[in-house]
Amino acid sequence: MRLPDSLARFHNFLRQVARLSAPYFSASDERWRARGLLAAIVALNLGAVYMLVQINEWNRVFYDALQNKDAAVFWTQLGRFTLLAMAFVVIAVYRFYLTQLLQLRWRAWMTRDLMGRWLQGQAFYRMELARYAGAAVPTTGATGLPHPGQREPDNPDQRLQEDVNLFTAQTVGLSMGLLNAVVTLASFVGILWGLSGAFSFTLGERTIELPGFMVWLALLYCIAGSVLTHYIGRPLIGLNFEQQKREADFRHHLVRVREYSEAIALDRGEQVEQRNLDTRFGAVLANYLRLIGKQKQLVGFTNLFGQAAVVFPFIVAAPRFFSGAIQLGELMQIASAFDRVQGALSWFVTNYAPVTGWCAIVERLAHFGRAMSAARARADGPRVEAGTADTYEVRDLRLSLPDGRDLLHAGALSIAPGAQTLIEGSSGSGKTTLLRAIAGLWPFGSGAVHKPAGRSLFLPQRAYFPLGSLKHAVTYPLAVEAVSDAEALAALSDAGLAHLAPLLHTVDAWERRLSGGEQQRLALARALLYKPDWLFLDEATSALDRSNQERFHEVLRTRLPATTVVAVAHHRTQTDIYDWVLEVGKGSAHLKPG
């Protein structure tokens, strides 16, 4: 049986929430601690509701004592209230503390889990390639926010930092709030039913008696409020989703201006960047204005709904009080019970705005998870397989651009160990893309690369510099503690960077402090420490003059004599040091002696 579209979307949304939430409580190494914290929080919520039931009963006795001017009962009930209030405060404090602790531990585990999945199998790189290529991500369209064929998620940094934090906090907060509402309703509906009495009315010649009429009035009141709240606030789901995206886009561009500050300053690009930032910030403000406009309508209605609920039970119960059927204490108990029942039934009304924001966060994280799975499982592109020989072998490799256009065809190539190879060709011929395919990074094309045993290292034209000290930069991608200071200093000296030795443990923005040539020589120092069996250089000496290029290769030959070097260059230089030349151009690649 096919569910209606709205129920199907809700069912899919619940499945997404379960996929995001269940791993921590069922499969993580912290699952027993997590379950224990959750059980304690549930128990404290039940205890808080029990205390509210006791305070509701206290209302009747206390206000009856006031009406009867019974001083003894009055003072006794004040003492009882002090004990009830103290118990409630203790429960509230530990409920808050354990809730925050659960949120913190859940966030820590979920962030590490998502970071691991994002980095695993180069998913972070494949997602960026697919996003710029316009690749679609499978989606179920659970909340109506994403559409079939939605693009790769933007701003993964926001998903990992902000969205995970909000998801764990709001999931715990909203779920415990809903549990509290359900338990409160179950606890107070019987009290309100018993206190309401019966409401009689005549229909034709028949007299109809409606028991527990205050309960029915509370139900009708809250159903009407929930329907109107959903009608008024439904656009907030999409607006919250769009607001998070635009805020992240604006923040991302600010970060880019900081990272490329020198290039922007040299180009005198301040006015262009100002316009670009203004455009993105204007988009943030425009959507935010629409968001607060809808929130204004929702806040207006929910406040009207809440204020009306304060006097509503007094209006309904007043005739029985003035007729003498009930005393002041019972009237106050009815008002208190009605408030609890109405509050429980109105949970959706009072939490609609937070729920809409939570729905947007769930969709963003679910979309992020689908994109990571799709990136790792993407079967297209050249395959990199473990070979049985000790050579790098390329078999019928066909590389294409992200838009589908053919770029390069390499039928059968073989690079033997010790065979120093130069890859040359004009700009745009596919040299760097060929190296990406050999590294297993390029997802567009077909064919296979058979990789021999041993370690491979790829040095790009512009090296990546991790945050930290100079030693962190020179030892990357090795763990900094795996390399001694003496080894790091020796590598710097061999690379012609001995003048940086006093700064080995200095923390700085090294990608800015070092010149282009120094950065490439530092990459050489990395290779000397890593000691790869295969070293691939992608224009890794382009910032060096000829003498330093010669020194670069001389150091490789003397310090890494067993390493096979495969280098990319636009033009043939230093051919005497290469045994083979791989010519790339006109859509093909041919290997010939150097």
*What pairs with Phe458 under ring-ring contact (aromatic ring centres under 6.0 Å, His included), at least two apart in sequence or on another chain?*
Phe536
*Answer with yes or no whether the side chains of Thr506 and Asp508 bring together a donor and an acceptor at under 3.5 Å.*
no
*Distance-only polar pair, side chains of Thr563 and Trp534, donor-acceptor under 3.5 Å*: no
*Considering residues, nucleotides and ligands other than Arg31, do more than 12 of their heavy atoms fall under 6.0 Å from its CZ?*
yes
_Around atom CG of Leu254, are there more than 12 heavy atoms from other residues, nucleotides or ligands closer than 6.0 Å?_
yes
*Just checking, is any N or O donor in the side chain of Thr564 or Gln420 under 3.5 Å from an acceptor N or O on the other one?*
no
*Would you say Arg246's side chain and Phe281's backbone share a donor-acceptor pair under 3.5 angstrom?*
no
*asked:* Apply side-chain hydrogen bond (donor to acceptor under 3.5 Å, both in side chains) to residues Asp406 and Ser400 and explain how you reach the verdict.
replied: CA-CA 4 Å; Asp406 292 335; Ser400 58; 5.5 Å; no
*asked:* Is it true that Glu393 and Thr391 share a donor-acceptor pair across their side chains at a distance under 3.5 Å?
replied: yes
*Is a side-chain donor or acceptor of Lys431 paired with a backbone partner of Gly425 at a separation under 3.5 angstrom?*
yes
*Tyr530 ring centre to Arg455 NZ or CZ under 6.0 Å, with the angle to the axis within 45°?*
yes
*Should the pair Trp109 and Tyr24 be assigned to parallel (<30°), tilted (30 to 60°) or perpendicular (>60°) ring geometry?*
tilted
*Donor + acceptor pair across side chains of Glu270, Gln274 (<3.5 Å)*: no
*Between the side chains of Gln16 and Asn12, does any donor sit under 3.5 Å from an acceptor?*
no
*Donor-acceptor pair, Ser373 side chain versus Arg370 backbone, under 3.5 Å?*
no
*Output yes when a side-chain donor or acceptor of Gln520 lies under 3.5 Å from a complementary backbone atom of Gln461, and no otherwise.*
yes
*asked:* Taking side chain to side chain donor-acceptor pair (under 3.5 Å) as the definition, give me every residue that meets it alongside Arg33, ordered by chain and number, with sequence neighbours left out.
replied: none
*Flag, side chain of Asp494 to backbone of Arg559, donor-acceptor distance under 3.5 Å*: no
*Sequence-distant partners of Glu487, side chain to side chain donor-acceptor pair (under 3.5 Å), two or more places apart*: Ser484
_Backbone N/O of Leu489 and side chain of Ser493: donor-acceptor pair under 3.5 Å_ = no
